[in-house]
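What follows is a set of notes on a single structure, which appears directly below.
Along the sequence shown, residues carry numbers from 1. Just so it is clear, the values below take in all heavy atoms, side chains as well, and ignore hydrogens, waters and symmetry mates.
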Amino acid sequence: MERRKLGNQGLEVSALGLGCMGMSAFYEGRDDAESLRTLERALELGISFFDTADTYGQGENERFVGRFLRGHRDEVMLATKFGNVFYDRWQTSSGVNGSAAYVRFACEQSLGRLGVDTIDLYYQHRVDPDTPIEETVGAMAELVREGKVRYIGLSEAGSATIRRAHSVHPVTALQTEYSLWTRDPEKHILQTCRELGVGFVAYSPLGRGMLTGRFKSPDDLPETDWRRSSPRFQGDNFRRNRALVEHIESLAAQKHCTAAQLALAWVMSRGKDIVPIPGAKRVAYLEENAAAAGIVLSDGDVQALEAAVPVDQVAGDRYAEAGMARLES
């Protein structure tokens with residue numbers, strides 16, 4: 001597996017990461033034994049950049065990843081996140097807490113659940129509208145000086161916030177949704193990151209599974225699956241988006257690969273400073289994703305894909321109203 005540099009602070013990771021959220025949160029069908037095999041297989045394939053967050057399963061995903069890390073800590077580049085609050089005594093009106101006191105509290109809790117002394121990349125999961133980013137990043141910088149965190153990042157932050165944060169302490173990476181059907185970062189976020197030397201981590205590069213072609217109707221989603229609350233997976237929006245996926249499937253057939261592999265190859269082709277972190281909790285899906293790293297796209301391939309999924313034809317917002325309110329443009 002190729003390796004890529006995230007930012008200009010010295011962090012190098014596998015060109016494809018692994019989103020661990022679905023192993024224990026939001027998506028139905030938890031199978032710890034299979035997920036542990038998936039983590040093992042990821043390392044065998046050279047995928048060593050693992051992503052979790054304290055809010056995934058209210059700490060359960062960190063605990064699960066921590067179980068695996070006991071025998072593999074030196075092999076894994078570990079990223080986790082804080083800010084979306086699930087502790088009652090730290091709750092805020094926005095549901096996000098970026099206060100200096102909370103930054104330290106959340107980090108200590110994550111270190112304990114993960115069973116590690118240091119977090120390689122520590123992100124603020126969402127920007128706290130009531131706390132100056134300078135305060136939040138200042139507290140994160142203290143954690144770096146203390147050796148509890150190696151590098152810091154932001155998630156779903158806007159350009160102005162990234163600049164303000166970076167002036168306090170170098171921001172190594174920005175994690176934001178980016179895929180064939182979510183190209184918002186191309187407006188100005190990617191330009192800001194490149195100007196400042198901030199790496200870009202693309203989450204949901206497969207459109208939460210929609211771009212894989214595995215879902216033919218909303219009924220394919222389990223009753224308790226989080227995606228049923230996502231506007232893009234509901235009613236007529238699903239039908240319209242499914243039609244776009246059929247275009248990807250057609251192009252994938254011409255390239256003799258799967259729709260998932262083609263969608264991932266597109267993200268990876270957008271720059272050597274971009275690292276997608278598709279989620280996988282089964283070995284078969286992980287291996288399918290890993291094979292995308294070997295697909296080379298011509299300029300014509302890229303143009304055909306982008307024409308097949310026009311962003312103005314993607315139906316529905318990324319999140320329901322409350323989730324959209326936490327995103328910065």
Side-chain angles (χ1 to χ4, degrees), residues 1 15-23 25-31 34-35 37-39 41-42 45 47 51 177-183 201-222 224-234 237-270 274-295 297 301-302 304-311 313-316 318-319:
M1 176 66 62
L16 194 68
L18 176 59
C20 300
M21 179 190 78
M23 294 179 176
F26 296 104
Y27 302 153
E28 199 171 84
R30 178 170 177 173
D31 183 337
E34 177 66 9
S35 291
R37 285 191 290 271
T38 301
L39 294 171
R41 183 61 176 144
L45 293 169
I47 299 173
D51 183 90
E177 185 172 353
Y178 186 45
S179 68
L180 274 168
W181 78 347
T182 300
R183 285 182 245 165
V201 175
Y203 77 83
S204 294
L206 295 176
R208 295 180 170 78
M210 175 66 89
L211 303 184
T212 68
R214 295 181 190 122
F215 304 120
K216 311 301 183 186
S217 84
D219 293 336
D220 291 338
L221 296 169
T224 58
D225 194 297
W226 172 86
R227 285 168 287 201
R228 282 182 173 267
S229 69
S230 170
R232 291 185 175 180
F233 285 83
Q234 295 174 342
N237 286 348
F238 188 103
R239 181 190 61 78
R240 292 165 60 190
N241 291 329
R242 172 61 198 162
L244 297 178
V245 174
E246 289 174 0
H247 297 161
I248 301 174
E249 291 174 322
S250 177
L251 292 171
Q254 296 174 32
K255 292 287 289 185
H256 305 291
C257 65
T258 67
Q261 289 168 338
L262 193 57
L264 271 180
W266 177 85
V267 176
M268 298 182 76
S269 76
R270 298 303 76 213
I274 296 176
V275 176
I277 52 168
K281 55 184 178 181
R282 296 181 178 86
V283 171
Y285 292 156
L286 174 82
E287 292 177 339
E288 179 183 357
N289 293 344
I295 297 174
L297 301 183
D301 292 330
V302 170
L305 274 166
E306 293 177 355
V309 190
V311 290
Q313 292 185 27
V314 176
R318 294 200 273 141
Y319 294 94

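Of all non-hydrogen atoms in Ala260 and Glu288, the two that sit nearest each other are CB-OE2, 3.5 Å. Scanning both residues, Pro231 and Asn237, for their nearest heavy atoms gives O-ND2, 3.0 Å. Across Ala308 and Leu244, no two heavy atoms sit closer than the pair O-CD2, 3.7 Å. Listed here is the closest heavy atom pair of Val267 and Pro205: CG2-CB, 4.1 Å. Looking at every heavy atom in both residues, Ile274 comes nearest to Ala202 through CG2-CB, 4.4 Å. Across Tyr319 and Trp226, no two heavy atoms sit closer than the pair CD2-CZ2, 3.8 Å.
At least one side-chain heavy atom of Glu287 sits less than 4.5 Å from a side-chain heavy atom of Arg41. Contact of the Val309 side chain with the His247 side chain is not registered, since no non-hydrogen atoms from C-beta on lie closer than 4.5 Å. Between Val311 and Trp181, every side-chain heavy-atom pair lies at or beyond the 4.5 Å cut-off. The shortest side-chain heavy-atom distance between Lys255 and Leu297 falls under the 4.5 Å cut-off. Taking 4.5 Å as the limit, every side-chain heavy atom of Cys20 sits out of range of all side-chain heavy atoms of Asp51. Residues Pro276 and Met268 meet the side-chain proximity criterion, which asks for heavy atoms closer than 4.5 Å. Met210 is listed as a side-chain neighbour of Val245, based on a closest heavy-atom distance under 4.5 Å.
Atom CZ of Phe238 is separated from atom CG of Asp219 by 9.0 Å, given to the nearest 0.5 angstrom. Residue Gln234 holds its CD atom at 7.0 Å from OG of Ser229, rounded to the nearest 0.5 Å. Rounding to the nearest 0.5 angstrom, the gap separating the CD1 atom in Ile277 from the CG atom in Leu264 is 11.5 Å.
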message: If you apply the rule side-chain contact (heavy atoms from CB on, under 4.5 Å), what do you find for Asn289 with Leu18, and how did you get there?
response: CA-CA 10 Å; Asn289 293 344; Leu18 176 59; over 6 Å; no
- prompt: Going through the checks in order, is the side-chain contact (heavy atoms from CB on, under 4.5 Å) test met by Gln261 and Thr258?
  reply: CA-CA 5 Å; Gln261 289 168 338; Thr258 67; 3.2 Å; yes
task: Start with the C-alpha distance between Ser179 and Leu211, add both sets of side-chain angles, then the distance that settles side-chain contact (heavy atoms from CB on, under 4.5 Å), and finish with yes or no.
output: CA-CA 9 Å; Ser179 68; Leu211 303 184; 4.1 Å; yes
query: Taking it one step at a time, do Glu306 and Arg183 satisfy side-chain contact (heavy atoms from CB on, under 4.5 Å)?
result: CA-CA 10 Å; Glu306 293 177 355; Arg183 285 182 245 165; 3.5 Å; yes
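Arg228 places a side-chain N or O within 3.5 Å of a backbone atom of Pro222 that can act as its donor or acceptor partner. Remark: the backbone N or O of Gly316 is paired with a side-chain donor or acceptor of Arg232 at under 3.5 angstrom. At least one donor-acceptor pair closer than 3.5 Å links the side chain of Asn241 to the backbone N or O of Ala315. Looking only at distances, a side-chain donor or acceptor of Asp220 sits under 3.5 Å from a matching main-chain atom of Lys216.
Residues Lys281 and Glu34 are not paired through a salt bridge, judged by the lack of any N-O separation under 4.0 Å between the basic side chain and the carboxylate. Ion pairing between a basic and an acidic side chain is recognised when a charged N comes within 4.0 Å of a carboxylate O; Glu177 and Arg208 show such pairing. With respect to Arg214 and Glu249, no salt bridge is recorded, no charged nitrogen being found less than 4.0 Å from a carboxylate O.
Using cut-offs of 30° and 60° for the angle between ring planes, the Tyr178 and Trp266 rings count as tilted.
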